[in-house]
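Below is one structure, written out as structure tokens, with a few remarks after it.
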Amino acid sequence: MKKLLLTSLILGCTIFVSFAQKYALVDMEYILKNIPNYEMMNEQLESVSKKWEQEVSKLQKEAQTLYKKYQSDLVFLSPKQKKEKEDEVIKKEQEAAELKTKYFGPEGELYQKRTEMMKPIQDEIWQAIKEIAKANNFQLVLDRGTSGIIFANPSIDISDQVLQKMGYSK
């Protein structure tokens, strides 16, 4: 009786394991650090970023210098001259802010340059992960660092079923 129970238990576990979904983790940071082109691109981006930071910093310093000069000459200026100097300082500050946004804003040149340079590497990593996932029947691949989903087998997506259950069509 014990042998039959033990055999049934082992058989049941084996069947359960065979139906279990398989998951995998990748460490994107580790992968990227071990790709020489990625390090080279990072250095290029850092170099460009420093150059742009210097440009922005130069404009900000010019604005500060204008403002200090304005403050020191304030007593000697007529109302019209005060207004002109204030406008000059404001214009220089706006130039610096616009340049900073142009280079470092959410859709700035640094973001675009990084995206343009990284796309081929990201595509190569994505293709490798996809091929490995399919070859090993992984249903889901997660990034260890962000816990974000890198790859999900479309067969485990139940979105259409959820919509159907709720009474909505595709």
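All heavy atoms count here, side chains included; hydrogens, waters and symmetry mates do not.
Transitive grouping of hydrophobic side chains (ILVMFWY, heavy atoms separated by less than 4.5 Å) brings Leu59 and Leu110 into a common cluster. Under the 4.5 Å side-chain heavy-atom criterion for ILVMFWY residues, no single connected hydrophobic cluster contains both Met40 and Ile35.
For the pair Lys69/Asp73, a side-chain contact is recorded, criterion being any heavy-atom separation below 4.5 Å from C-beta on. Looking only at side-chain heavy atoms (C-beta outward), Ile121 and Leu32 come within less than 4.5 Å of each other. The closest side-chain heavy-atom distance from Val26 to Ile129 is below 4.5 Å.
Between atom CD of residue Gln60 and atom CG of residue Leu99 there is a gap of 9.0 Å, rounded to the nearest 0.5 Å. Distance CG/Leu66 to CD1/Ile90: 11.5 Å, rounded to 0.5 Å. The OH atom of Tyr38 lies 9.0 Å from the CD1 atom of Ile125; values are rounded to the nearest 0.5 Å. Between the OH atom in Tyr67 and the CD atom in Glu93 there is a gap of 8.5 Å [rounded to 0.5 Å]. Between the OG atom of Ser57 and the CD atom of Glu62 there is a distance of 10.0 Å, given to the nearest 0.5 Å. Once rounded to the nearest 0.5 Å, the distance linking CG of Asn42 with OG of Ser47 reads 12.0 Å.
Side-chain contact of Tyr70 with Glu86: a donor-acceptor pair under 3.5 Å is present, judged by distance alone. Side-chain contact annotation: Gln127 with Glu131, donor-acceptor N/O pair under 3.5 Å present. No side-chain donor-acceptor contact under 3.5 Å links Glu107 and Tyr111. Inspection of the Tyr103 and Glu55 side chains reveals an N or O donor paired with an N or O acceptor under 3.5 Å.
For Leu74 against Lys82, the heavy-atom pair with the smallest separation is O-CE, 3.5 Å. Residue Ala96 comes nearest to Val56 through the heavy atom pair O-CG1, 4.1 Å, listed as atom of the first residue, atom of the second, then distance. Nearest heavy-atom pair across Met118 and Met41 is N-SD, 4.3 Å. The two residues Leu45 and Lys113 have their closest heavy-atom pair at CD2-CG, 3.8 Å. The shortest non-hydrogen separation linking Val141 to Ala133 is CG2-CB, 3.9 Å.
With salt bridges taken as basic N to acidic carboxylate O contacts below 4.0 Å, none links Lys91 and Asp87. Salt bridge annotation for Lys33-Glu29: present, with a cationic side-chain nitrogen under 4.0 angstrom from a carboxylate oxygen.
The backbone N or O of Glu95 sits nowhere less than 3.5 Å from a side-chain atom of Glu98 that would complete a donor-acceptor pair.
Taking the six-membered ring where the residue is Trp, Phe104 and Trp52 present perpendicular rings, their angle passing 60° and hence far from 30°.
Other residues, nucleotides and ligands place no more than 12 heavy atoms under 6.0 Å from the CD atom of Glu124.
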